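Report on the following structure.
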Amino acid sequence: MFRKILIANRGEIALRIIHACRELGIPTVAVYSTADRDSLHVTYADEDVCIGPPPSAQSYLNISALVSAAEITGADAIHPGYGFLAENAQFAEVLGECNLGWIGPRPETIRLMGDKAAARETAKRCGVPVLPGSEGALTDLGAARRLAAEIGYPVILKAAAGGGGRGMRIVHHEGDLETQLTTAANEATKAFGDGAIYLEKYLVSPRHIEIQVFGDRHGAAIHLGERECSIQRRHQKLVEESPSPALTPALRERMGAAAVRLCEEVGYENAGTIEFLLDADGGFYFMEMNTRIQVEHPVTEMVIGADLVKQQILVAAGERLALASGLQARGHAIECRINAEDPETFAPSPGRLTTLHLPGGLGVRVDTHAYQDYVIPPHYDSLVAKLICHGSDRAEAIARLTRALDFLVVEGVRTSADLHRRIVRDPVFIAGDLSTRYLEQFFEREAQERGAAPEGESL
Amino acid sequence: MFRKILIANRGEIALRIIHACRELGIPTVAVYSTADRDSLHVTYADEDVCIGPPPSAQSYLNISALVSAAEITGADAIHPGYGFLAENAQFAEVLGECNLGWIGPRPETIRLMGDKAAARETAKRCGVPVLPGSEGALTDLGAARRLAAEIGYPVILKAAAGGGGRGMRIVHHEGDLETQLTTAANEATKAFGDGAIYLEKYLVSPRHIEIQVFGDRHGAAIHLGERECSIQRRHQKLVEESPSPALTPALRERMGAAAVRLCEEVGYENAGTIEFLLDADGGFYFMEMNTRIQVEHPVTEMVIGADLVKQQILVAAGERLALASGLQARGHAIECRINAEDPETFAPSPGRLTTLHLPGGLGVRVDTHAYQDYVIPPHYDSLVAKLICHGSDRAEAIARLTRALDFLVVEGVRTSADLHRRIVRDPVFIAGDLSTRYLEQFFEREAQERGAAPEGESL
Amino acid sequence: MLTFEQIKELIELVAARGLEELQVERSGFRLRIGGRSAPAATSAPSAVALSAPPAVEAVAVTAESAPAPDLHPVTSPIVGTFYAAPSPDAEPFVRVGDRVRKGQVLCIVEAMKLMNEIEADADGEIVEIYPRNAQPVEFGEPLFGLRLT
Amino acid sequence: MLTFEQIKELIELVAARGLEELQVERSGFRLRIGGRSAPAATSAPSAVALSAPPAVEAVAVTAESAPAPDLHPVTSPIVGTFYAAPSPDAEPFVRVGDRVRKGQVLCIVEAMKLMNEIEADADGEIVEIYPRNAQPVEFGEPLFGLRLT
């Protein structure tokens with residue numbers, strides 16, 4: 001077992017890892033930038049090392065400073081958390097060269113899964129469905145027509161060189177294909193100097209479903225059920241839950257088996273997450289694999305009753321995985337991310353938490369590094385706390401989350417708490433009728449209701 | 001279902017009941033004495049009524065004020081919590097006369113079980129073991145000799161009129177019986193003017209094991225496993241856990257069955273607890289029944305994954321119990337009572353909580369009415385918070401409790417937190433080797449270790 | 001607990017900033033100021049709400065338990081219902097402007113069907129009668145404001 | 001973070017009250033004052049401890065990161081190990097009392113086997129050398145105290 005673990009992260013996940021280490025009896029080293037001097041991970045770790053100034057590139061992303069910090073404190077392993085260097089294969093390699101343990105998958109796995117095309121190829125190889133589409137750029141209109149007919153409309157055209165929506169066109173009917181292809185190619189040429197376009201099946205309102213997987217170096221490869229993370233804003237998850245209201249036992253079985261095949265194919269070690277899009281007909285498609293612990297891992301922990309971060313540490317130290325596939329889930333768990341942000345514009349809202357009262361009681365878990373009078377620095381992400389509620393079923397989990405959100409008090413900064421208070425009361429959310437377009441439609445419904453309400457109503 | 005529930009209590013249990021009501025969608029009325037104006041149960045209830053001055057007799061024990069408060073707010077049921085009027089049959093009767101719902105067992109059950117002799121008789125009648133002893137006072141030495149020989153030494157002599165240890169003698173050998181009986185009778189005569197003595201089996205180091213039971217008016221009578229509450233100071237519980245390290249599945253089955261028989265015998269409705277003493281040989285003896293929710297109900301909730309307070313409300317409203325006997329327990333839960341008290345003398349330590357930082361994360365539940373800057377009034381009990389930790393097994397629960405206690409910060413008043421920090425590190429506690437004499441022996445061990453430590457050690 | 005001056009300041013601020021609403025709920029004290037009916041914004045920037053359920057009442061200013069400081073309060077010794085008169089048809093025990101003597105019955109507070117007569121605990125002139133007839137009152141709630149004589 | 005004056009006040013208090021120990025550990029700041037060795041009591045009334053594991057050290061007064069305020073600090077730009085001399089046998093780069101010029105090498109901080117020469121960022125006289133040789137240093141940790149010239 002590791003003698004001392006350095007945590008190459010900050011915020012709630014650093015504290016989460018400290019919890020796991022404390023419970024395993026392993027001393028911890030916190031690292032921090034000068035902006036995080038007053039952070040709880042510094043207070044609660046056994047040792048701490050200041051590694052640099054506020055900008056992440058010079059502190060939390062500074063490989064040399066992290067390795068030096070491990071060396072001067074005698075730490076023999078590093079837990080990267082999520083974000084920062086968690087999916088940096090080079091960092092994992094450097095640690096190996098320095099004889100420091102890495103609490104994560106092997107660097108070659110990180111590299112393989114970090115390459116979208118290679119990851120897609122790997123998934124296809126072991127029979128994990130990917131979104132059907134062209135292999136590389138389209139050659140001519142005829143090929144595009146044949147392919148689109150084969151996979152069915154709507155399809156999406158994407159600039160091969162692109163990103164950010166430019167050169168992107170959704171085509172609903174064959175009649176529009178030619179025009180749209182021309183437009184997309186023109187846009188792509190203008191934007192990226194490369195008019196190459198590829199075509200993919202377009203899912204109108206898919207769900208974002210991810211499968212938690214785990215492997216060890218002794219060949220174990222398991223899945224621990226799914227999380228539904230469809231409620232997103234600009235690809236940032238806001239609410240996550242497990243199980244998904246959309247999965248039948250049979251579908252869970254199929255998606256879990258696909259995820260396990262992929263893990264076996266790459267000899268996956270440690271915790272990972274395989275993200276899928278799920279369409280309304282139960283078709284699911286591999287999107288990507290995250291080769292680290294996820295922000296939303298607590299919802300899985302709450303339903304299966306196991307500590308994933310402890311398992312990460314044990315497995316990284318060479319122990320056999322102590323969990324089995326298809327572990328019996330109990331009840332339902334939902335997580336809300338409480339971000340320090342403007343509730344209207346979503347702009348970050350750093351500052352001092354003049355009042356912080358966290359809800360408690362049965363079925364309520366709060367993962368946070370915040371405390372009353374803590375100053376949220378402007379340099380890092382805006383996550384202040386994760387509020388996770390567990391109930392015997394989804395209705396109870398929602399009721400509990402509602403009362404917990406209602407009893408949460410955060411003053412001094414603006415947060416997403418009020419948005420969550422509205423979401424948990426939304427009939428569409430309560431019905432479990434989710435998709436990646438949920439939040440957009442939620443705001444539209446709210447705007448309509450405000451518009452429809454007679455002037456006098458608020459009196 | 002009830003339209004509005006008045007909570008005839010204060011502190012953490014009032015808040016606990018508010019949680020359950022909120023999740024059931026039932027509005028709540030908080031009542032408070034003038035000493036509790038700033039209490040969270042007042043803040044978080046939908047309505048609140050000041051019912052009297054600080055002394056409990058004029059506020060929380062004031063039946064007339066409570067009924068009036070229910071009448072003026074239109075509440076149609078009262079939850080009594082624990083303590084105060086929770087086991088007051090007259091209060092339950094008055095509510096019935098006023099057409100107010102009572103969230104607890106029928107008044108006649110409360111009255112029956114509140115009478116020690118009647119409760120003992122009832123237990124015997126349905127085959128629940130009671131401590132063997134004389135039925136009433138001893139008549140002569142010969143009868144005492146025969147009885148003691150029959151039930152086996154050691155035995156305890158108790159003043160029939162007595163209490164507080166006077167007239168109480170433990171007899172280990174037959175040779176001592178005559179002398180001790182004379183002494184006890186003399187003491188009893190002096191202390192109570194009544195020399196009547198009865199004799200009972202004496203358990204040297206019993207465990208305090210209690211069974212959570214539940215019944216409804218449709219005839220359901222179930223048990224939800226045990227709690228071990230052996231760690232007590234002057235009969236006040238300090239640490240409770242479930243399951244007990246001492247119970248085998250077979251013994252649990254037997255104790256549970258006995259508890260259920262008693263419930264069936266009295267037609268028990270709502271939540272209750274049957275307290276047993278358990279000796280080292282697996283013999284268990286009925287002590288008493290508590291006809292209310294217990295302080296330590298969370299440890300049961302954590303392992304069976306159900307909300308007992310919600311069930312109380314539903315059952316009181318006439319619904320069928322939604323829980324079944326022998327519900328599958330998952331993992332292990334331990335509760336520490338954090339009291340505002342002097343850690344040496346146990347004298348109450350009221351005052352302002354200048355800093356309060358509660359631990360969180362996986363498997364940690366905190367039930368508290370406290371917040372930073374809250375002033376603990378001197379008028380009521382000293383319970384500030386219940387810290388409950390759940391783990392996949394007892395070792396993990398202890399490890400989690402240890403880190404949670406280490407990360408708990410309470411400043412401004414003295415608390416029992418440090419005592420708990422020492423208990424969870426005690427090898428005897430960790431071995432699960434508990435009895436009602438545990439705490440006394442723990443302090444003896446500590447004193448010995450302090451005495452044995454060489455002077456220079458602390459350098 | 002906010003002082004009268006602080007509340008006035010808050011009202012000015014709410015008005016000046018054009019806020020829709022301000023709620024302060026803390027330690028047994030509640031303040032709610034309904035400002036101008038704003039067109040679209042859902043939450044005021046500095047609104048403090050301990051519990052979220054959207055209240056539909058629109059109160060101008062409600063500040064509980066803030067009787068004028070220069071008056072002697074006669075408070076309710078029990079929880080119950082305030083009655084200004086001995087029976088629905090009868091004249092009230094006292095009216096604003098009446099001079100009362102210590103021991104004089106001022107009202108009835110009914111609790112559990114018992115009519116409890118509340119007496120003046122000092123001589124004085126009735127300046128304020130706080131509860132409306134048949135209104136529920138709490139323990140310690142001011143019923144009358146007397147100018148002592 | 002407590003000021004120097006406040007710490008002095010605390011020391012006086014601990015002494016005056018005959019306390020056994022005072023610990024303050026907050027926000028990256030740590031203070032521990034060991035008072036008179038009391039006979040039996042285990043915890044001082046006002047002791048503040050964020051983490052419980054009983055520390056066995058007995059420190060008189062330790063207040064981290066409090067270099068004299070009138071000196072110009074030369075801080076470590078990286079995490080690593082402080083070396084006063086270019087090699088174990090060599091003479092140290094500088095000694096207390098030396099006058100140094102801006103750009104002059106004062107020490108080495110080793111990080112990942114790389115020897116990073118740390119230069120003076122101003123002209124001055126070396127008044128303090130804070131770390132011992134071969135001691136680990138953090139980012140921003142004061143290495144030298146210069147009296148500027």
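Labels below follow one simple rule: chain letters A, B, ... track the order of the sequence lines, proteins then strands, and each chain is numbered from 1. Since we're looking at a predicted model, the values are computed, not measured. Computed over heavy atoms, backbone and side chain alike; hydrogens, waters and symmetry mates excluded.
Scanning both residues, B:Phe407 and A:Tyr44, for their nearest heavy atoms gives O-OH, 2.6 Å. When all heavy atoms of A:Asp367 and B:Leu362 are compared, the pair lying nearest together is OD1-N, 4.1 Å.
Looking only at heavy-atom pairs under 4.5 Å with chain B, the residue among A:Ala404, A:Gly391, A:Gly361, A:Gly331 that has the most is A:Gly361. Comparing A:Gln372, A:Arg330, A:His357, A:Arg365 by heavy-atom pairs within less than 4.5 Å of chain B, the highest count is held by A:Arg330. When each of B:Glu12, B:Arg400, B:Glu301, B:His390 is scored by its heavy-atom pairs under 4.5 Å with chain A, the top score falls to B:Arg400. Most heavy-atom pairs under 4.5 Å with chain B, from the set A:Gly305, A:Ser392, A:Gly363: that is A:Gly305.
Interface residue B:Arg16: only side-chain heavy atoms are found under 4.5 Å from chain A. At a 4.5 Å heavy-atom cutoff, the contact between B:Ala370 and chain A is made by backbone atoms alone. Contacts between B:Ile304 and chain A at a heavy-atom distance below 4.5 Å involve the backbone alone (N, CA, C, O). Heavy-atom distances place no part of B:Lys386 under 4.5 Å from chain A, backbone and side chain included. For a residue to count as touching a neighbouring chain, one of its non-hydrogen atoms must lie under 4.5 Å from one of that chain's; by this rule B:Ile388 does not touch chain A. No part of B:Ala395 comes within reach of chain A, as not one of its non-hydrogen atoms sits under 4.5 angstrom from that chain.
For B:His41, the ring pair (Phe, Tyr, Trp, His ring centres under 6.0 Å) criterion is met by no residue, not counting sequence neighbours.
B:Ile18 is not listed as a side-chain neighbour of A:Arg403, based on a closest heavy-atom distance of 4.5 Å or more. For the pair A:Val364/B:His19, no side-chain contact is recorded, criterion being any heavy-atom separation below 4.5 Å from C-beta on. Looking at B:Arg22 and A:Thr402, their side chains never come closer than 4.5 Å, going by heavy atoms from C-beta outward.
Contacts with chain B (heavy atom to heavy atom, under 4.5 Å) involve no residue of residues 24-32 of chain A.
Annotation: the span from A:Leu358 atom CG to B:Thr368 atom OG1 amounts to 12.0 Å, rounded to 0.5 Å.
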